[in-house]
Asker: 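First the structure, then my questions, so here it is.
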Amino acid sequence: QVQLVESGGGLVQAGGSLRLSCAASGRTFSSYAMGWFRRAPGKEHEFVAAISPGGAATVYADSVKGRFTVSRDNPKNTTYLQIDSLKPEDTAVYYCAGAFTVSRVRSGYAFWGQGTQVTVSS
């Protein structure tokens, strides 16, 4: 089982940027697709972005295209989510998750981190 730990969240003004990191334990990180989801207060988990095991393929939710960039560094067992032009509606807990294949669906992911809070002030 791979364990995931997110970091990099915080309070930022609208228009600012953050880079979230997700560090994975274990030596099989490069075998898994990695995804990012977010959960705003009172809402369900929302797919944000995902990246294939080798990093060649990425997918994004329409709501974040052009502002969010997912990447990974397999030797460092880490995946990243660069968030630019932050909006108040981006406020949520952001989670990274691992899957056997790229998926936009929460049920497609086998293991999850604990989340990191992103709060965007207007």
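Remember, it's a predicted structure, so these values are computed and weren't measured experimentally. Along the sequence shown, residues are numbered consecutively beginning with 1.
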Asker: Please say yes or no: joined through hydrophobic side-chain contacts below 4.5 Å, possibly via intermediate residues, are Val93 and Phe47 part of one cluster?
Answerer: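 Same cluster: Val93 reaches Phe47 through Ile, Leu, Val, Met, Phe, Trp or Tyr contacts under 4.5 Å.
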Asker: Indicate yes or no: at least one non-hydrogen side-chain atom of Pro88 is less than 4.5 angstrom from one of Ser122.
Answerer: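 In contact.
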Asker: Any side-chain heavy-atom pair from Phe111 and Leu4 closer than 4.5 angstrom?
Answerer: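 Of all side-chain heavy-atom pairs linking Leu4 with Phe111, at least one is under 4.5 Å.
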Asker: With respect to Glu46, which candidate in Arg38, Arg106, Arg39 satisfies the salt bridge (charged side-chain N to carboxylate O under 4.0 Å, His left out) definition?
Answerer: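 Among Arg38, Arg106, Arg39, the one meeting salt bridge (charged side-chain N to carboxylate O under 4.0 Å, His left out) with Glu46 is Arg38.
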Asker: Quick one: does Val102's side chain get under 4.5 Å of Ile51's, heavy atoms only?
Answerer: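 Not touching, per the 4.5 Å side-chain cut-off.
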Asker: Is it true that a side-chain atom of Arg72 and a backbone atom of Phe29 form a donor plus acceptor pair closer than 3.5 Å?
Answerer: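 Looks like yes, one N/O pair under 3.5 Å.
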Asker: May I ask you to check whether over 12 heavy atoms, not counting those of Gln3, lie within 6.0 Å of atom CD?
Answerer: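 At most 12 heavy atoms, drawn from other residues, nucleotides or ligands, come within 6.0 Å of this atom.
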Asker: Do Met34 and Phe100 share a hydrophobic cluster (ILVMFWY, side-chain heavy atoms under 4.5 Å, transitive)?
Answerer: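 Yes: a chain of side-chain contacts under 4.5 Å links Met34 to Phe100.
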Asker: If you take all heavy atoms of Pro53 and Ser31, which pair is closest and at what distance?
Answerer: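 The answer is CG-O, 3.7 Å.
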Asker: Starting at CD1 of Ile83, measure out to CZ of Phe68 and round the result to the nearest 0.5 Å.
Answerer: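 CZ of Phe68 is found 4.5 Å from CD1 of Ile83.
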Asker: Ring-plane angle category for Trp112 and His45, please: parallel below 30°, perpendicular beyond 60°, tilted otherwise.
Answerer: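 Perpendicular.
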Asker: So, for Ala56 and Ser52, which heavy atoms are closest and what is the spacing to 0.1 Å?
Answerer: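 Looks like N-OG, 3.2 Å.
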Asker: Go through it in stages, so that I can follow the logic: the residues are Val48 and Leu81, the test is side-chain contact (heavy atoms from CB on, under 4.5 Å), and I'd like the CA-CA distance, side-chain angles, deciding distance and then a yes or no.
Answerer: CA-CA 9 Å; Val48 173; Leu81 185 68; 4.2 Å; yes
Asker: Got a donor-acceptor contact below 3.5 angstrom from the Thr91 side chain to the Thr119 backbone?
Answerer: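 Not confirmed, Thr91 side chain does not pair with Thr119 backbone.
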Asker: Pick out which of Asp62, Asp84, Asp90 makes a salt bridge (charged side-chain N to carboxylate O under 4.0 Å, His left out) with Arg67.
Answerer: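 Between Arg67 and the candidates, salt bridge (charged side-chain N to carboxylate O under 4.0 Å, His left out) is satisfied uniquely by Asp90.
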Asker: Could you tell me if the side chain of Val5 sits less than 4.5 Å from the side chain of Gln114, heavy atoms only?
Answerer: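 Heavy-atom side-chain distance check passes, below 4.5 Å.
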Asker: Using modelled atom types and a 3.5 Å cut-off, is there a donor and acceptor pairing between side-chain atoms of Ser103 and backbone atoms of Gly108?
Answerer: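 It does not hold such a pair.
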Asker: Where the side chain of Thr79 meets the backbone of Ser71, is there a donor-acceptor pair that is under 3.5 Å apart?
Answerer: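 Confirmed, Thr79 side chain pairs with Ser71 backbone.
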Asker: Are Val59 and Tyr95 linked, directly or through other ILVMFWY residues, by side chains that come within less than 4.5 angstrom of each other?
Answerer: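 Yes: a chain of side-chain contacts under 4.5 Å links Val59 to Tyr95.
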Asker: Using the six-membered ring wherever Trp is involved, compare the ring planes of Phe37 and Tyr109 and label them parallel, tilted or perpendicular (cut-offs 30° and 60°).
Answerer: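 Ring orientation, 0 to 90° scale: perpendicular.
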Asker: For Val70 versus Ala50, what's the shortest heavy-atom pair and its separation?
Answerer: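 Answer, listing the atom of Val70 first, then Ala50: CG1-O, 3.6 Å.
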Asker: Is Glu6 reaching over with its side chain to a backbone N or O of Gly115, donor-acceptor style, under 3.5 angstrom?
Answerer: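 Answer holds: yes.
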Asker: Is the NZ or CZ atom of Arg19 both under 6.0 Å from the centre of the six-membered ring of Tyr80 and within 45° of that ring's axis?
Answerer: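 Geometry flag: set, cation within 6.0 Å and 45°.
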Asker: Between CH2 of Trp36 and OG1 of Thr116, what distance do you get to the nearest 0.5 Å?
Answerer: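 Reported value, rounded in 0.5 Å steps: 8.0 Å.
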